[in-house]
Structure formats: structure tokens, C-alpha cells
Number of protein chains: 2
Amino acid sequence: MPRGPYQKSDVTREKILGAATELFAQRGYAGTGVDRLAERSGIAKTAIYYHFGNKEGLLAAVLDRAATAWMESIRESADRATTPEDALDTALSRMRSMIEEKPWILKLLTLLTLEVADDKPEVRKAMSEIFLRARRTITGSLNEAVGAEVPGADGVGNVFLGLLQAVVIGRERDPSISLDAAFADMRQIIVSLVAARLDPGLAQEDRSEGVESVVAADIPPRTS
Amino acid sequence: MPRGPYQKSDVTREKILGAATELFAQRGYAGTGVDRLAERSGIAKTAIYYHFGNKEGLLAAVLDRAATAWMESIRESADRATTPEDALDTALSRMRSMIEEKPWILKLLTLLTLEVADDKPEVRKAMSEIFLRARRTITGSLNEAVGAEVPGADGVGNVFLGLLQAVVIGRERDPSISLDAAFADMRQIIVSLVAARLDPGLAQEDRSEGVESVVAADIPPRTS
DNA sequence: GTCTATACGGCGATAGAC
DNA sequence: GTCTATCGCCGTATAGAC
């Protein structure tokens with residue numbers, strides 16, 4: 001995408017963005033100085049300002065790039081799955097690859113959410129949109145796999161994304177955490193949630209008592 | 001706990017710790033300047049160094065305090081639950097209260113994990129221990145509630161804690177997220193996981209095919 | 001148009017006198 | 001415990017080299 005009669009050196013831009021993505025994901029936004037970015041990318045500090053205006057502009061570009069990378073990772077290959085379970089397994093293995101090969105994507109998005117979403121409404125908005133897009137992709141795959149509109153599919157998507165996030169964070173604490181176990185649990189969880197939504201009251205065999213009991217009691221519903 | 005011939009003013013310490021906890025949770029460790037901490041707590045900047053040595057010492061104290069607060073929040077009241085489901089509902093409502101009243105605990109722990117666990121092995125170690133303690137409490141309650149050792153109870157604990165974390169992060173992006181829905185899902189998930197672990201092969205009604213298939217394939221198990 | 005050299009104001013952490 | 005001073009890094013602006 002040329003921006004003028006000449007175009008800014010995209011290779012320089014990429015070098016800066018690569019370094020920024022790496023360092024933001026590792027040490028956070030506030031914890032990463034532009035000096036370090038210059039050193040790491042081999043680009044002069046002031047050139048960074050030339051390309052992105054200021055540090056926040058760089059942040060926006062990094063976010064955008066991470067979002068794109070994520071969407072590419074989870075883009076449905078719309079494959080010839082034979083059964084719903086097949087489709088689920090394919091989706092899970094795709095997510096697993098993402099976590100193994102590009103854990104920085106989710107780490108970056110989560111870290112930035114916690115670190116700067118309070119101050120910068122634009123960043124929060126960007127985050128919301130990114131996660132909504134991701135969830136939409138997931139629920140789309142889900143509905144397609146099941147062959148019907150799963151009621152409350154958004155909730156399933158939230159759980160899925162939440163667990164992915166949790167795995168990434170957990171591995172930050174303890175890199176030896178077993179992905180096998182985590183993904184086996186995720187699979188079971190999704191199946192159980194979907195089953196319950198498609199056929200409420202039947203999926204759970206031991207729902208002997210009042211179910212929403214304590215949990216859903218005496219708290220006003222949210223606005224949205 | 002006196003520390004010398006004179007004792008350091010505990011009220012001052014508390015004021016500093018309160019401000020630090022609040023600001024670290026809001027803007028992260030690197031993003032919080034000692035100047036701001038001084039301003040917020042009403043204590044001179046250098047007095048902070050007097051009390052905690054350096055910023056990292058302050059971080060350690062904040063972590064310790066947050067861990068204690070968390071454990072208090074989830075401490076089993078060892079109540080007279082009549083059924084396992086009862087016990088689960090009690091535990092869930094306790095967690096829900098924690099998220100509603102002290103969301104900063106989980107936010108702080110998560111943010112610090114992502115932000116500084118890479119650089120500071122001591123912090124990572126502290127985080128691991130905190131989460132292990134929390135999980136131990138949870139699995140303890142779980143086993144007690146069920147009245148037997150649930151196989152793979154640790155996995156259930158991981159899922160539970162992970163979902164709690166995900167809810168906190170999600171609310172950071174979008175405060176209007178429904179806790180009702182989230183906790184209803186969590187309840188169902190836990191029940192299904194426990195049921196599957198107590199009676200494998202029976203809990204899932206539609207496990208028609210090879211189950212661990214794609215997900216658990218061709219990846220070496222972890223060390224720990 | 002793309003990038004570098006240099007400089008500046010501010011805040012970060014810390015030491016020492018009071 | 002506070003006050004004052006110090007020093008280095010951080011984000012930024014600008015002037016100019018290619």
C-alpha cells in the first residue's frame with residue numbers, strides 16, 4: 001500500500017514492528033523503551049518516530065499486526081470434515097499449533113489488555129473488536145460443524161478463548177505444563193457445553209437438584 | 001512484628017502497600033512510578049525506599065499481601081454442605097464474591113505474571129507457589145465435597161482457576177460481561193469434568209469416535 | 001523521502017544531610 | 001521519617017545528511 005509518491009521503506013517498518021512485537025510481548029508496553037527497540041531492530045531511535053509518529057502509534061501498528069496474525073492462525077480452513085467431532089479436533093489442533101508456534105500473539109493481546117486498557121479507550125476498543133472477531137470465527141466454525149445454530153454459541157466461544165488464554169498464562173508461570181492434558185480437557189468441555197446447549201437437561205446426568213441455585217442468585221443482570 | 005530498636009510505622013507501610021497494590025494492578029509494575037506511589041499514598045518518595053529497600057522489594061511485599069488476600073478469599077469455610085453440588089455452589093459463590101469485590105487480586109497476579117515473570121525468576125517462582133496453593137485449596141475442597149480422591153483433580157483445578165482468570169481479563173475488555181452466564185458455564189464445566197473423571201467413558205454421551213485423536217497426538221509429554 | 005546526530009525536558013531510582 | 005541533590009534513561013523535537 002503506497003502512501004505517497006515514494007513509499008516508506010517497508011522492510012524498515014517490518015524490522016521495527018518485529019522488534020516491538022517481541023519486546024512488548026516480553027516486557028509490556030511501559031516496560032519497553034524506544035531505545036531498546038532501536039537497539040534490537042538496528043534502526044535509529046528517531047527513525048521509529050519518523051515511521052510511527054510516537055510510541056502509541058507504534059503500539060497501534062503492533063496491535064493491528066498481531067490481530068491479523070491471529071486471524072490467520074484461526075481462519076477456518078473450511079475443510080471436508082466428516083463429523084462434528086472431526087471438525088472440533090481440527091479446530092483444536094489448529095489452536096494448539098498457534099499456541100506452540102506463536103504464543104506471543106495471545107500473550108501480547110492479554111498483557112496489553114491488562115496493562116493499558118484502563119488508560120487508553122482506543123486500545124480497549126481495539127481489543128474488544130479483535131476478540132469479537134475471533135469469537136465470531138469460532139462460533140461460525142462451531143455452527144457449521146454442528147450443522148445448526150447452537151444456542152448460546154457465544155458462551156462456548158468465550159469459554160474456549162478464555163481457556164486458550166489461561167493456557168498461555170499458565171505456561172508463563174510454568175513452561176512444563178502439559179498441553180496434552182489442557183487440550184484434552186478443552187475438548188471435553190466444549191463437547192459437554194455444546195451438548196447441553198443443544199439438548200438442555202439431558203446432557204448432565206446428575207442434575208438432581210436446583211441448579212442455578214446459589215450461583216445465579218440475587219445478582220442483577222448486566223446491561224448489555 | 002518489630003524489626004529493630006524502633007519499629008517501622010506499620011500504618012505507613014500499609015498506606016504504601018495499598019497504593020502500590022492499586023497502581024500495580026491498574027498500570028502494571030513498569031508503568032507505575034515511585035513518584036506516583038508517593039503522591040497516591042501521601043508518603044514521601046524516599047520513605048518508600050526506606051521501607052522496602054527498592055522497587056522490587058516493594059513488589060515482593062505487594063505480591064505477598066495479594067497472595068494472602070486471595071487465600072483468605074477462597075479459604076474453605078468447611079461448611080456443613082449437604083451434597084457435593086451444594087459444596088460446589090458454595091465454592092462458586094465464594095469465588096464470585098471475590099471477583100466482584102476484589103477483582104484486583106487476580107488482575108494483579110496475572111498482569112505481574114505476564115509482565116515480569118520472564119525477567120525475575122523469583123517472581124515467577126512466587127507466582128507458581130501462589131497458584132499451587134490456590135489449586136491445592138480448590139482440589140482439597142473438591143475431594144472433600146465428593147468424598148473421594150477425584151483422579152486428575154489438579155486438572156479440574158487448573159480449568160477452574162483458568163476460567164476465573166479469563167473472566168477477570170474479559171471484564172477488563174468489556175465490563176458489561178455477564179457473570180451469571182460465566183458462572184453458570186463454569187458450574188456445568190466442573191460438574192462435567194468431575195463426572196468424567198469419576199466415571200470415564202460414561203459421562204459423555206456422544207463419544208462415538210476415537211477421542212484423543214488429533215488433539216493428543218504426536219507431542220511428547222512434559223517433564224513435571 | 002528516508003533516516004541519523006544531537007539535544008532537551010522530565011522522571012526514574014538512589015544517596016546523604018537533616 | 002523528609003528534603004535536597006544527583007545521575008541516567010525515557011520519550012520527544014528538530015536540523016540536517018544521504
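Everything numeric here is computed off the predicted structure, so don't read it as measured data. Excluded from the calculations below are hydrogen atoms, water molecules and symmetry mates; all remaining heavy atoms, backbone and side chain alike, are included. In the text below, chain A, chain B and the rest are named by the order of the sequence lines, each starting its count at 1.
Between B:Asp10 and B:Lys15 there is no salt bridge, since no side-chain nitrogen of the basic residue lies less than 4.0 Å from a carboxylate oxygen of the acidic one. The pair A:Arg27-B:Asp118 does not meet the salt-bridge criterion, since no charged nitrogen lies less than 4.0 angstrom from a carboxylate oxygen. Between B:Asp174 and A:Lys125 there is no salt bridge, since no side-chain N of the basic residue sits under 4.0 Å from a carboxylate O of the acidic one. Between A:Glu129 and A:Arg124 no salt bridge is recorded (no basic side-chain N to carboxylate O distance below 4.0 Å).
Between B:Ala153 and B:Leu142, the closest heavy-atom pair is CB-CD2, 4.2 Å.
Checking the phosphate oxygens (OP1, OP2) of C:dT2, a side-chain nitrogen or oxygen of A:Tyr50 falls inside 4.0 Å. The phosphate of C:dT2 has neither OP1 nor OP2 within less than 4.0 Å of any side-chain N or O from A:His51.
Side chain to side chain, B:Asp180 and B:Ser178 fail the donor-acceptor criterion of an N or O pair below 3.5 Å. A donor atom on one side chain and an acceptor atom on the other are not found under 3.5 Å apart for A:Thr113 and B:Glu172.
Atom CG in B:Leu58 sits roughly 13 Å away from atom C1' in C:dA13 (whole-Å rounding). Distance, B:Ile48 CD1 to C:dT14 C1': 13 Å, rounded to whole Å. Atom CG in A:Asn54 sits about 12 Å away from atom C1' in D:dA13, given to the nearest Å. The nearest whole Å value for the distance from the CD1 atom in B:Ile43 to the C1' atom in D:dC3 is 15 Å. Rounded to whole angstrom, the span from the CD atom of A:Glu56 across to the C1' atom of D:dT12 amounts to 14 Å. At whole-Å resolution of the value, OH in A:Tyr49 and P in D:dA15 are 18 Å apart.
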* To do: Report the C-alpha separation of A:Tyr29 and A:Glu56 in whole Å, then their side-chain angles, then the decisive distance to 0.1 Å, and conclude whether the side chain to side chain contact (heavy atoms under 4.5 Å, CB included) test is met.
  => CA-CA 9 Å; A:Tyr29 177 71; A:Glu56 224 175 303; 4.0 Å; yes
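Non-hydrogen atoms lying under 4.0 Å from DNA chain D are contributed by A:Thr32, A:Gly33, A:Val34, A:Asp35, all within residues 25-37 of chain A.
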Please enumerate all protein N or O atoms sitting under 3.5 Å from an N or O of nucleotides 5-10 of chain C, with distances to 0.1 Å.
residue: C:dA5; atom: N6; partner: A:Thr46; partner atom: OG1; Å: 3.1

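When the local axes at the two ends of the helix from C:dG1-D:dC18 to C:dC18-D:dG1 are compared, using 5 base pairs at each end, they differ in direction by 10° after rounding to 10°.
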